Amino acid sequence: MSSQPYFGAMTTAGIGDDVILRSKDGVCFRVSKGLLSASSEFFCNMFRVPQPTTPSGDEEFINGTAVIPFPDADEALLRNLLLFCNPPPLMDRLDEIERLADKYDMPRVQARILKEKVKDKINLVPFIMLSTIAQKTGQDTDAYFAAVFVILFPDARDSVLDSGLLQVKQVDALKKYHSDCAAAAKGVASPIHDHYHWMTERWTETTWFTGEHDDCCKRGGTIYMGDVSGKWMMRYWWRDYIYASREELKKWPCGRVVQQGELFDKAMKEGSMCSRCSRNLGPTFSDFASLFASEIDKKVSSVSLNMDLNDKA
């Protein structure tokens, strides 16, 4: 008989608080009655009925604990079923848990923490970057989540190395990939000589580049657009949006950064304060942000990731 993995909170009330579930291939799992009762009406009703404490008839005991045959599942299936019965851990103080997992050599815990940290922010990574990473690591593998973690938290190199999921060369390759993607994205927001080639003549006709404006709507600095001759003066609210995008894209090289969220909302609010800029601002500026985001993601998609998972150096 195999050793008995334990599922549920350990108690001191006595051996009768546990049962042993035996899979159809003979593997035994010691399980808390409380865990089973909380997860299953079937077992809850079973344990309400007084149970024998010693072998009689067909009952079987192992070291004083009742055995319940589970003919519907082999070892792997029964183990997973019991894992689903366990309540999920609280996802707080993750940094402290990670330090303990590192100290006591718990790589599986470290891998799970990396995955949890990635889940909350994975939407900030462009789909093309996720797809590129998946081609190197496989989809939804531990190595995949570790690689995405490096993209999201490039300064947290030690967390990935301590987990053992990636090696130094692989982490360095991912950090370079992130840096190259950030440079590509930032280049859209901060082109050479401030010449926005991706902005066509249409944008020279928008209210925030033409006509008389309220005194509160200041302007300063010039840009070039597409093939249009001459320079165009920027309104402060639009310029601030572009400049803030440059900084944010260094961290998150993703079109969503400029198309939704704090940067976009702030620009909309400030642009709306001018009676001229506010004319049709909603749909027009949304179209601009959509184009801006598309250009960012297009540039990021051209960046390659040179990483070999088989390189263990």
Side-chain angles (χ1 to χ4, degrees), residues 111 113-157 159-160 163 165-166 169-192 194-200 203 226 238 240-268 283 285-309:
I113 290 172
L114 290 184
K115 185 179 294 188
E116 291 299 329
K117 287 184 175 181
V118 163
K119 284 180 180 178
D120 288 340
K121 292 184 178 294
I122 197 169
N123 65 306
L124 289 172
V125 183
F127 174 78
I128 187 63
M129 291 180 72
L130 296 176
S131 178
T132 299
I133 291 170
Q135 290 174 17
K136 298 288 186 177
T137 64
Q139 186 72 42
D140 294 335
T141 63
D142 285 345
Y144 170 82
F145 284 102
V148 176
F149 181 89
V150 174
I151 298 299
L152 288 168
F153 310 101
D155 295 329
R157 165 192 175 113
S159 294
V160 176
S163 73
L165 296 173
L166 296 174
K169 281 190 176 180
Q170 295 152 0
V171 172
D172 287 345
L174 285 160
K175 290 185 70 173
K176 184 179 186 304
Y177 177 58
H178 176 271
S179 177
D180 291 346
C181 287
K186 184 173 177 287
V188 178
S190 181
I192 297 174
D194 288 324
H195 193 157
Y196 292 79
H197 291 278
W198 52 273
M199 292 177 65
T200 62
W203 303 107
W238 189 87
D240 291 346
Y241 165 72
I242 293 293
Y243 286 2
S245 297
R246 296 174 181 179
E247 295 306 310
E248 200 66 16
L249 288 168
K250 292 178 184 178
K251 298 179 288 185
W252 314 114
C254 174
R256 290 192 191 93
V257 166
V258 302
Q259 193 175 9
Q260 53 190 249
E262 184 177 344
L263 291 182
F264 179 85
D265 293 343
K266 183 173 183 288
M268 281 289 293
F285 189 63
S286 293
D287 285 349
F288 174 79
S290 179
L291 173 65
F292 190 12
S294 174
E295 289 296 319
I296 290 168
D297 289 341
K298 186 189 303 181
K299 289 295 184 182
V300 169
S301 70
S302 68
V303 179
S304 59
L305 169 60
N306 299 311
M307 182 182 75
D308 182 4
L309 274 185

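Quick note: residue numbers are just sequence positions, from 1. Please read all numbers here as calculations on a predicted model, not as lab measurements.
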Heavy atoms only: give me the nearest [X]-[Y] pair and the separation to one decimal.
{"X": "Ala189", "Y": "Leu249", "value": "CB-CD1, 4.1 Å"}
{"X": "Asn123", "Y": "Cys254", "value": "O-SG, 4.4 Å"}
{"X": "Ala147", "Y": "Thr137", "value": "CB-CG2, 4.4 Å"}
{"X": "Phe149", "Y": "Ser159", "value": "CE2-CB, 4.0 Å"}
{"X": "His178", "Y": "Lys251", "value": "NE2-O, 3.1 Å"}
{"X": "Lys136", "Y": "Leu305", "value": "CE-O, 3.1 Å"}

Side chains of [X] and [Y] in contact at under 4.5 Å (non-hydrogen atoms):
{"X": "Trp252", "Y": "Val125", "result": "no"}
{"X": "Asp142", "Y": "Lys115", "result": "yes"}
{"X": "Ile242", "Y": "Phe292", "result": "yes"}
{"X": "Leu291", "Y": "Thr200", "result": "no"}

Taking 4.0 angstrom as the limit, do Arg256 and Asp297 come out as a salt bridge?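 No, this pair does not count.
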
Closer than 4.0 angstrom, basic N to acidic O: yes or no for Asp180 and Lys176? yes

Could you grab the distance from atom [atom1] of [X] to atom [atom2] of [Y], nearest 0.5 Å is fine?
{"X": "Ile122", "Y": "Ile151", "atom1": "CD1", "atom2": "CD1", "answer": "11.0 Å"}
{"X": "Met307", "Y": "Asp172", "atom1": "CE", "atom2": "CG", "answer": "12.0 Å"}
{"X": "Ser286", "Y": "Met268", "atom1": "OG", "atom2": "CE", "answer": "5.5 Å"}
{"X": "Leu114", "Y": "Leu152", "atom1": "CG", "atom2": "CG", "answer": "11.0 Å"}
{"X": "Asp265", "Y": "Gln260", "atom1": "CG", "atom2": "CD", "answer": "9.5 Å"}
{"X": "Ser245", "Y": "Lys250", "atom1": "OG", "atom2": "NZ", "answer": "12.5 Å"}

Can you list every salt bridge (charged side-chain N to carboxylate O under 4.0 Å, His left out) pair that touches residues 117-135, not counting sequence neighbours?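 The answer is Asp95-Lys117, Glu98-Lys117, Glu116-Lys119.
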
Please check: side-chain N/O of Thr132 versus main-chain N/O of Ile128, any donor-acceptor pairing under 3.5 Å?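 Yes, the answer is positive, given that a donor and an acceptor are paired below the 3.5 Å cut-off.
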
Fit a plane to each ring of Phe285 and Tyr241, take the angle between them on a 0 to 90° scale, and name the class: parallel (under 30°), tilted (30 to 60°) or perpendicular (over 60°). perpendicular

For the residue pair His195 and His197, does the interplanar ring angle fall in the parallel (under 30°), tilted (30 to 60°) or perpendicular (over 60°) class? parallel

Would you confirm whether the ring centroid of Trp203 sits within less than 6.0 angstrom of the ring centroid of Tyr196?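 No - the distance between ring centres of Tyr196 and Trp203 does not fall below the 6.0 Å cut-off.
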
Can you check side-chain contact (heavy atoms from CB on, under 4.5 Å) on Val257 and Ile296, steps first, answer last? CA-CA 10 Å; Val257 166; Ile296 290 168; over 6 Å; no

Other residues, nucleotides, ligands: >12 heavy atoms within 6.0 Å of Glu262 CD: no

Check the pair Ser301, Phe127 against side-chain contact (heavy atoms from CB on, under 4.5 Å), reporting the backbone distance first and the verdict last. CA-CA 9 Å; Ser301 70; Phe127 174 78; over 6 Å; no

